[in-house]
Number of protein chains: 2
Amino acid sequence: MSLKHILLGILQEPHSGYDIKKVFDQVFSNFWAAELSQIYPQLKKLSEQNMLSVVEEESDKGPSKKVYQTTEKGQKELVNWLQDGPIVHTEKLAYLAQTFFLNSLATTEQKLEFMQALQHEMKTWHQNLCGYQKDWQSRFPNYPYDLPDDEFYPNLTLMMGVKKVGAIVEWCEESIDLIKLRL
Amino acid sequence: MSLKHILLGILQEPHSGYDIKKVFDQVFSNFWAAELSQIYPQLKKLSEQNMLSVVEEESDKGPSKKVYQTTEKGQKELVNWLQDGPIVHTEKLAYLAQTFFLNSLATTEQKLEFMQALQHEMKTWHQNLCGYQKDWQSRFPNYPYDLPDDEFYPNLTLMMGVKKVGAIVEWCEESIDLIKLRL
DNA sequence: TTGCACTATATAAATTGATATATAGATTAC
DNA sequence: GTAATCTATATATCAATTTATATAGTGCAA
């Protein structure tokens, strides 16, 4: 149900459907994924509801594109979503479900391998996030205090990722140590 | 596709559909939610595939129930799922999408309120998790070292929750401090 | 006899994954 | 040189799966 509002948020700046997919893959990948087959029907629906405006434009490369932008009505809907307060408890973490049933694997070695693989994934993810943070830091000498408002809130989501995934890496470490005591 | 495997995991012990819903609400609520309307069709499908056995039983209260249990074939499917390694990057966190667009709210006070509400939610969640952990600690004097295997891995998911949600509460705190500097 | 716990299904909406269509520029084949 | 192919851009649809909301019957207890 949030895709609608995320599109209204992204389309405060004009984008084509194809552009929006890139934003999901590059910017939102840490907390939301969306396919083109979701994006296009939603754009159509939101246009019909006058929450988005559409202009057809020529593309530099490839065929002509439809450029969408949030209307005043759409902006109000976005603000309502934010004013309704934070939406929590929507997480689905498959790897935690796997951890829950990990004892169904035959040997302690296999359980250990699973947790080591998980730690590796999480470490890589954490390093990526830290890399993005370094990019911000090089652009702002007094990071995060000197960020302009329009970059401050997106940056908060990055700070959250660094902190959270860091905690998960630590948990993997501790879990591995505990499992080794059971070998 | 994970619901299927979670059901196979739960049904290593016999449960009715209604029982399973309670397990999701009480045990899995921190990382997976499922509705009865998802559970029943999946049980039917997995029975037809001979991954689950069914026995009709009289209920203490209410109408008779079908009690399901994972078969050998189902057990193999569960083990395959675990052996394929951890499934990551499937998160959808609506509150982070909201944070990303928080600057669309008119005043800094409103943005601060949002983050304070989020912190409150997260603190409550964290306290619940710590409560569950105290229950474990009272049952095992040498927690978590003296846990039997069949309780050790479920407990890991709880330890993860405490650590992760703790980090999120800290992030909320830091974010609130940063936003206050912008008032 | 009202309410609650238990059991289950129906329907609608959202999401995913695969596929189809088409244009333009770049690369390669002949 | 030009035809064929490849790659990137752009839009769209379909089937299958997953998720959410609402509805409905059953038996017991207060």
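Here the structure is a predicted model, which means the values were calculated and not measured. In what follows, chains are A, B, ... by sequence order, proteins preceding strands, each numbered from 1.
- Summarising the geometry, the separation between CD1 on B/Ile39 and P on D/dT19 is reported as 11 Å, rounded to the nearest angstrom.
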Side-chain donor-acceptor contacts of residues 139-146 of chain B below 3.5 Å, not counting sequence neighbours, with atom names and distances?
unit_1, atom_1, unit_2, atom_2, d
B/Arg139, NH2, B/Glu151, OE1, 2.7
B/Tyr143, OH, B/Gln133, NE2, 3.2
B/Tyr143, OH, B/Asn155, OD1, 2.7
B/Tyr143, OH, B/Asn155, ND2, 3.4
B/Asp146, OD1, B/Tyr143, N, 3.1
B/Asp146, OD2, B/Asn142, N, 2.9

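- As a whole-Å value, the separation of A/His15 NE2 from D/dT9 P is 14 Å.
- The salt bridge (charged side-chain N to carboxylate O under 4.0 Å, His left out) search around A/Lys21 returns A/Asp25, A/Glu35, not counting sequence neighbours.
- Atom CG in B/Leu3 sits roughly 15 Å away from atom P in C/dT16 (whole-Å rounding).
- Pairs engaging residues 99-124 of chain B under the ring-ring contact (aromatic ring centres under 6.0 Å, His included) rule: A/Phe28-B/Phe100, A/Phe28-B/Phe101 [sequence neighbours left out].
- In the model, B/Gln12 has a side-chain atom that pairs as donor or acceptor with a side-chain atom of A/Ser104 under 3.5 Å.
- Near-neighbour residues of DNA chain C inside residues 20-30 of chain A, defined by a heavy atom below 4.0 Å, are absent.
- Proximity of B/Thr107 to B/Gln110: side-chain heavy atoms (C-beta onward) are separated by under 4.5 Å at one or more points.
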Which side-chain N or O atoms in residues 39-50 of chain A pair as donor and acceptor under 3.5 Å with protein atoms at least two apart or in another chain?
unit_1, atom_1, unit_2, atom_2, d
A/Tyr40, OH, A/Tyr18, N, 3.3
A/Ser47, OG, A/Leu43, O, 2.7

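- Spacing between atom CG of B/Leu43 and atom P of D/dT18 amounts to 14 Å, rounded to whole angstrom units.
- Among residues at least two apart or in separate chains, there is no salt bridge (charged side-chain N to carboxylate O under 4.0 Å, His left out) pair with a member in residues 121-131 of chain B.
- Every ring-ring contact (aromatic ring centres under 6.0 Å, His included) that B/His5 has, sequence neighbours left out, goes to B/Trp81.
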Anything under 3.5 Å between a donor and an acceptor, one on a side chain of residues 168-183 of chain B, the other on a protein residue two or more places apart or in another chain? List them.
unit_1, atom_1, unit_2, atom_2, d
B/Glu170, OE1, A/Lys163, NZ, 3.0
B/Trp171, NE1, A/Leu156, O, 3.0
B/Trp171, NE1, B/Ser175, OG, 3.4
B/Glu173, OE1, B/Gln119, NE2, 2.8
B/Glu174, OE2, A/Lys163, NZ, 2.5
B/Ser175, OG, B/Trp171, O, 2.8
B/Arg182, NH1, A/Leu147, O, 3.2
B/Arg182, NH1, A/Asp149, OD1, 2.6
B/Arg182, NH2, A/Leu147, O, 2.5

Name every donor-acceptor pair, under 3.5 Å, that has one atom in a side chain of residues 85-96 of chain A and the other anywhere in the protein, sequence neighbours excluded.
unit_1, atom_1, unit_2, atom_2, d
A/Glu91, OE2, B/Lys164, NZ, 2.8
A/Lys92, NZ, B/Ala33, O, 2.9

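- Evaluation of the salt bridge (charged side-chain N to carboxylate O under 4.0 Å, His left out) rule for B/Glu109 yields no partner, not counting sequence neighbours.
- We find that NZ of A/Lys4 is positioned 12 Å from P of C/dT15, with the value rounded to whole Å.
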Show each protein N/O and nucleotides 11-14 of chain D N/O combination with a separation under 3.5 Å, one pair to a line.
unit_1, atom_1, unit_2, atom_2, d
D/dT11, OP1, A/Lys66, N, 2.4
D/dT11, OP1, A/Lys66, O, 3.4
D/dT11, OP2, A/Gly17, N, 3.2
D/dT11, OP2, A/Tyr18, N, 3.4
D/dT11, OP2, A/Tyr40, OH, 2.9
D/dA12, OP1, A/Lys66, NZ, 2.7

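- When rounded to the nearest whole Å, the span between NZ of A/Lys92 and P of C/dT15 equals 11 Å.
- In this structure, the CD atom of A/Glu35 is 15 Å from the C1' atom of D/dA15, given to the nearest Å.
- Scanning residues 73-85 of chain B for heavy-atom distances under 4.0 Å to DNA chain D yields an empty list.
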